[in-house]
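Read the structure below first, then the notes.
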Amino acid sequence: MAGSPPIGVLALQGNVQAHARMLTQLGRAARPVFRPADLDGLAGLILPGGESTTLSQLLQHAGLDRAIACFAQRHPLLGTCAGLILMCTHTNDARVSPLRLLTAEVDRNHYGRQRESFIASLEGGQFSGMRAAFIRAPAIHARAPLEVLATHAGRPVAVRQGRHVGCAFHPELGRDARVHEYWLRLA
């Protein structure tokens, strides 16, 4: 992938370095995104985990909500945990203003608080057997035309709509790079 345009990682909060490290391991340059102008020249954008209400406010303050929605019309996005919440059409928390990029309703903190975090193997789909970290993870209530890429305990935890992928877990925290590899093929 030498010579390919870099991938942006929203750098307002969250697991920015872990995503950048995963991209670098896969031979793809990563560039932090702090403001709308940082989106220029990128092949795709990752919205990392973090605190979704805070991220939502920071996106609006920086003018990135509108810029990312426009960017997403031409480029793929990968949202993990809080990033997934930002990408959905509806959430159970009125403090979050979703970007409406994935046709899904998402419940914040569905799997519990920080102390209830866990690691589990994914079932079915593209990422079967992958060990995934769930940290205050959201639940996905998928609606058509979403494609379910992986499940855990019968519930969708990774979904795709067009070029956009959302994960309830943190693929950047493990050694299994299948989610990033899969998504980079869309970029």
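Note that this is a predicted model, so its numbers are computed, not measured.
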Quiz item: For atom CD of Q60, is the number of surrounding heavy atoms from other residues, nucleotides or ligands below 6.0 Å larger than 12?
Solution: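 Yes - once you tally the heavy atoms of other residues, nucleotides and ligands closer than 6.0 Å, there are more than 12.
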Polar side-chain atom of [X] near backbone of [Y] as donor-acceptor pair, under 3.5 Å:
| X | Y | value |
| --- | --- | --- |
| R95 | Q57 | no |
| H75 | F71 | yes |
| R28 | P5 | yes |
| T24 | A20 | yes |
| H164 | L77 | yes |
| T80 | H170 | no |
| N92 | R108 | yes |
| R31 | D38 | yes |
| E123 | A153 | yes |
| E172 | M22 | no |

Quiz prompt | Heavy-atom check, side chain of H19 versus side chain of I7, under 4.5 Å | solution = no
Quiz item: Between V165 and P76, is any pair of side-chain heavy atoms under 4.5 Å apart?
Solution: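 The answer is no, as the side chains (C-beta and beyond) never meet within the 4.5 Å cut-off.
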Quiz prompt | Intermediate values then yes/no, side-chain contact (heavy atoms from CB on, under 4.5 Å), E116 and R136 | solution = CA-CA 7 Å; E116 281 95 39; R136 296 189 307 147; over 6 Å; no
Exercise. Walk me through it: do L78 and V179 pass the test side-chain contact (heavy atoms from CB on, under 4.5 Å)?
Key: CA-CA 9 Å; L78 169 63; V179 169; 4.2 Å; yes
Should [X] and [Y] be counted in the same cluster of Ile, Leu, Val, Met, Phe, Trp and Tyr side chains packed under 4.5 Å apart?
| X | Y | answer |
| --- | --- | --- |
| F169 | V159 | no |
| V9 | V33 | no |
| M130 | L184 | yes |

Quiz item: With sequence neighbours left out, what residues match R178 under side chain to side chain donor-acceptor pair (under 3.5 Å)?
Solution: D176
Exercise. Using side chain to side chain donor-acceptor pair (under 3.5 Å) as the criterion, list what pairs up with S128, not counting sequence neighbours.
Key: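 S128 satisfies side chain to side chain donor-acceptor pair (under 3.5 Å) with no other residue.
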Exercise. Determine, step by step, whether L23 and I46 satisfy the side-chain contact (heavy atoms from CB on, under 4.5 Å) criterion, reporting the C-alpha distance in whole Å, the side-chain angles of both residues, the deciding distance to 0.1 Å, and the verdict.
Key: CA-CA 10 Å; L23 291 169; I46 295 176; 3.9 Å; yes
Quiz item: What's the shortest heavy-atom distance between R100 and H90, and which atoms?
Solution: NH1-NE2, 4.1 Å
Practice problem: Taking all heavy atoms of F34 and all of L64, pick out the closest pair and write down the distance. | Solution: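 Distance-wise, the nearest heavy atoms are O-CD1, 3.4 Å.
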Quiz item: Between the side chains of T53 and E51, does any donor sit under 3.5 Å from an acceptor?
Solution: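 There is such a pair (donor and acceptor under 3.5 Å, judged by atom type) between the side chains of T53 and E51.
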